[in-house]
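This report refers to the structure that appears directly beneath it.
In what follows, chains carry the letters A, B, and so on, assigned in the order in which the sequence lines appear, proteins first and then strands, with residues in each chain numbered from 1. These numbers come from a predicted model, not from an experiment.
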Protein chains: 2
Amino acid sequence: MVDDEPQIVRALRINLSARGYAVLTAHDGTAALKAAAEGKPDVVVLDLGLPDVDGTEVIAGLRGWTSVPIIVLSARTDSTDKVEALDAGADDYVTKPFGMDELLARLRAAVRRSAVAEGEDAVVQTASFTVDLAAKKVLRDGVEVHLTPTEWGLLEILARNRGRLVAQRQLLQEVWGPQYAKETHYLRVYLAQLRRKLEPEPSHPRHLVTEPGMGYRFEL
Amino acid sequence: MVDDEPQIVRALRINLSARGYAVLTAHDGTAALKAAAEGKPDVVVLDLGLPDVDGTEVIAGLRGWTSVPIIVLSARTDSTDKVEALDAGADDYVTKPFGMDELLARLRAAVRRSAVAEGEDAVVQTASFTVDLAAKKVLRDGVEVHLTPTEWGLLEILARNRGRLVAQRQLLQEVWGPQYAKETHYLRVYLAQLRRKLEPEPSHPRHLVTEPGMGYRFEL
DNA sequence: GGGAGGCGTCAAGACCACGTCAGAATCGGC
DNA sequence: GCCGATTCTGACGTGGTCTTGACGCCTCCC
């Protein structure tokens, strides 16, 4: 929730919290990008009239590394503003003053959509282990394998893109945040840990394959 | 495009066609559901005030079997209508009168979203091998061929421009960077490697063809 | 017939990326 | 405030990749 008007932030926070949403707030664009990188929200509600940076800049900054739904709030009814924001990557545009129930409905729609997009085949099986994406569990020989949050984050992205090469940048940005895009060393360390826990022969991985210089691939 | 007012249908059809969209129209809910099932549209623009069935019914009828983006048009500004439509499964809600450029922007946003969700796989096939551009994979006789990053970079550009001549300058600049625009030797070395890995007769290439003095061409 | 330029081939050295390990720093729960 | 779990950081050996040079072939032009 990004807005520089305290009363709007307050009203939204109360309404959203009451409905079971966890709310992170930021009052300017810089703080918003930082909070998004750290908090990994499921949805962003963004006011366009921020004190420090232009709203479309914030959208671009987010879209560089995440496809989280963005709902833009704005007092400007001018259609060029709407077009700019939407083309920059926003998902929806609501003009102030807005009805709380409408915003909530649009929020539900945005969340529902991204949930559907993620919802494909919740279980991924290989010859050696099973990944349950919905339950966030990994089974090996029938017994559950414990993964740390970071390990799971990596495995989840790879499993969702099974068969496809996932670039190092993408993994780093989605697990650690956009400012870690070059810390490829992290990947080596955590891939080694995942292999030790999941691969039959960790030093000759069959499922978590490295493509040198490019990224990693989850092979079934 | 579902609406019972001919002038709106007409205006939208003209605008959308001019921008390269193919447009299917229906003037009531029953026809809309039929047309959607047959035409498999990429996006539905739906007016709520239809003569035969209620708008939310149409949404529900679509959502029963497809997750195609639905943009609702309506003259009703009442917020309960919006909430109902969005909660029924609509993706966006635009009130009449609306600006054409805004609607187009919302259309683009909806299409963009569903394109990301599908993650379309672009595959290029030849008689000898298959290039999967999304997965970054090359298959030859069913087995995967390992390519280095530079080899892949070259092949990707050639495959994306299949059938067309790609200039040496362009290849060098896009793979190695602008300062390497004259290092044609690199091309010879790497084209030879690609041919050795992919061509049935590397010394008589059928798919990775040299156009002397000009560049290279990917033939299917 | 000879030369020049473009091309293909091969091989070797420099260099970079990867995997691995272990210790330090940090986080989170009690 | 402590302790275990987790994450971060550094050093090292290794293998693969990129670069570079040498050489021979071909075609086109003189």
Side-chain angles (χ1 to χ4, degrees), chain A residues 37-40 136 138 144-156 158 165-177 179-217 219, chain B residues 136 138 144-156 158 165-169 171-177 179-217:
Chain A
E38 286 166 4
K40 305 276 171 56
K136 293 198 189 299
V138 184
E144 186 173 344
V145 181
H146 172 73
L147 296 186
T148 70
T150 310
E151 287 164 1
W152 173 259
L154 264 183
L155 183 63
E156 181 174 10
L158 290 169
L165 176 72
V166 184
Q168 299 177 342
R169 283 189 71 81
Q170 187 187 340
L171 289 169
L172 287 163
Q173 289 186 346
E174 293 197 20
V175 177
W176 280 272
Q179 64 270 41
Y180 292 84
K182 303 241 161 112
E183 304 283 339
T184 60
H185 190 48
Y186 291 5
L187 291 178
R188 290 199 282 280
V189 173
Y190 278 92
L191 258 297
Q193 286 182 11
L194 279 174
R195 284 166 179 154
R196 196 151 3 102
K197 290 185 177 181
L198 300 178
E199 291 274 1
E201 290 180 84
S203 50
H204 299 285
R206 285 173 40 195
H207 305 107
L208 300 169
V209 187
T210 302
E211 300 277 356
M214 302 204 281
Y216 294 86
R217 186 196 305 278
E219 294 277 21
Chain B
K136 290 202 196 307
V138 183
E144 190 173 342
V145 180
H146 174 75
L147 296 185
T148 72
T150 312
E151 287 164 2
W152 174 259
L154 265 183
L155 184 63
E156 182 173 9
L158 290 170
L165 172 69
V166 185
Q168 298 180 342
R169 283 190 72 81
L171 288 170
L172 287 163
Q173 289 186 354
E174 292 199 24
V175 177
W176 280 272
Q179 63 271 41
Y180 291 83
K182 304 241 160 115
E183 304 282 341
T184 60
H185 188 45
Y186 289 3
L187 291 179
R188 290 199 284 282
V189 172
Y190 277 93
L191 258 297
Q193 286 182 11
L194 278 175
R195 284 166 179 153
R196 192 149 11 96
K197 289 184 177 181
L198 301 178
E199 291 275 3
E201 290 180 85
S203 49
H204 300 287
R206 284 172 42 195
H207 306 108
L208 300 168
V209 187
T210 303
E211 301 275 357
M214 312 268 298
Y216 295 85
R217 182 197 307 278

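- Summarising the geometry, the separation between CG on A:L171 and P on C:dA17 is reported as 17 Å, rounded to the nearest angstrom.
- Regarding A:K197, its NZ atom lies at a distance of 18 Å from the C1' atom of C:dG19, rounded to whole Å.
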Name each donor-acceptor pair under 3.5 Å that joins a side chain in residues 144-151 of chain B to protein atoms two or more places apart or in another chain, with its distance.
{"residue": "B:T148", "atom": "OG1", "partner": "B:E151", "partner atom": "N", "Å": "3.3"}
{"residue": "B:E151", "atom": "OE1", "partner": "B:T148", "partner atom": "N", "Å": "2.9"}
{"residue": "B:E151", "atom": "OE1", "partner": "B:K197", "partner atom": "NZ", "Å": "2.8"}
{"residue": "B:E151", "atom": "OE2", "partner": "B:K197", "partner atom": "NZ", "Å": "3.3"}

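- Summary of helix geometry: the two end axes of the helix from C:dG1-D:dC30 to C:dC30-D:dG1, each defined by five base pairs via their C1' atoms, are inclined to each other by 40° (rounded to 10°).
- Here A:L154 contributes atom CG and A:E174 contributes atom CD; the two are 10.5 Å apart, rounded to the nearest 0.5 Å.
- Side chain of B:K136 to main chain of A:V166: no donor-acceptor pair is present (N/O by atom type, distance under 3.5 Å, no hydrogens or angles).
- A heavy atom closer than 4.0 Å to some atom of DNA chain C occurs in B:S203, B:T210, B:P212, B:G213, B:Y216, these being the qualifying members of residues 199-216 of chain B.
- OP1 or OP2 of C:dC18 lies within a sub-4.0 Å distance of a side-chain N or O belonging to A:R188.
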After noting the C-alpha distance and the side-chain angles of B:E199 and B:R206, does the key distance pass the side chain to side chain contact (heavy atoms under 4.5 Å, CB included) rule? CA-CA 7 Å; B:E199 291 275 3; B:R206 284 172 42 195; 4.0 Å; yes

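- Closest approach of A:G215 and A:Q168 over heavy atoms only: CA-CG, 3.7 Å.
- Taking CG from B:L158 and CD from B:E156, the interatomic distance works out to 10.5 Å, rounded to the nearest 0.5 Å.
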Pairs of donor and acceptor atoms involving the side chains of residues 207-214 of chain B, under 3.5 Å and at least two apart or interchain, shall be tabulated with distances.
{"residue": "B:T210", "atom": "OG1", "partner": "B:R195", "partner atom": "NH2", "Å": "2.7"}
{"residue": "B:E211", "atom": "OE2", "partner": "B:R217", "partner atom": "NE", "Å": "3.0"}
{"residue": "B:E211", "atom": "OE2", "partner": "B:R217", "partner atom": "NH2", "Å": "2.9"}

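- Atom C1' of nucleotide D:dC18 and atom CG of B:L194 are separated by 14 Å, given to the nearest angstrom.
- The two residues A:W152 and A:V138 make their nearest non-hydrogen contact at CZ3-CG2, 3.6 Å.
- Atom NZ in B:K182 sits roughly 15 Å away from atom P in C:dC7 (whole-Å rounding).
- Taking atom CG on A:L187 and atom C1' on D:dC8, their separation rounds to 13 Å, with Å as the unit.
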Atom pairs and distances, side-chain donor-acceptor, residues 182-193 of chain A, under 3.5 Å, sequence neighbours left out:
none

Its contact letters, B for base, S for sugar-phosphate only and - for none at protein heavy atoms under 4.0 Å, make nucleotides 19-26 of chain D read BBBB----

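- Note: CG (B:L172) to C1' (D:dC18) measures 14 Å, nearest angstrom.
- B:R196 has its CZ atom 13 Å from the C1' atom of D:dT17, to the nearest Å.
- Contact annotation: A:T148 does not reach the phosphate of D:dA5 (side-chain N/O to OP1 or OP2, under 4.0 Å).
- The shortest heavy-atom contact between B:L171 and B:Y216 is CD1-CD1, 4.0 Å.
- Rounded to an integer number of Å, the gap from CZ of A:R195 to P of C:dC21 is 13 Å.
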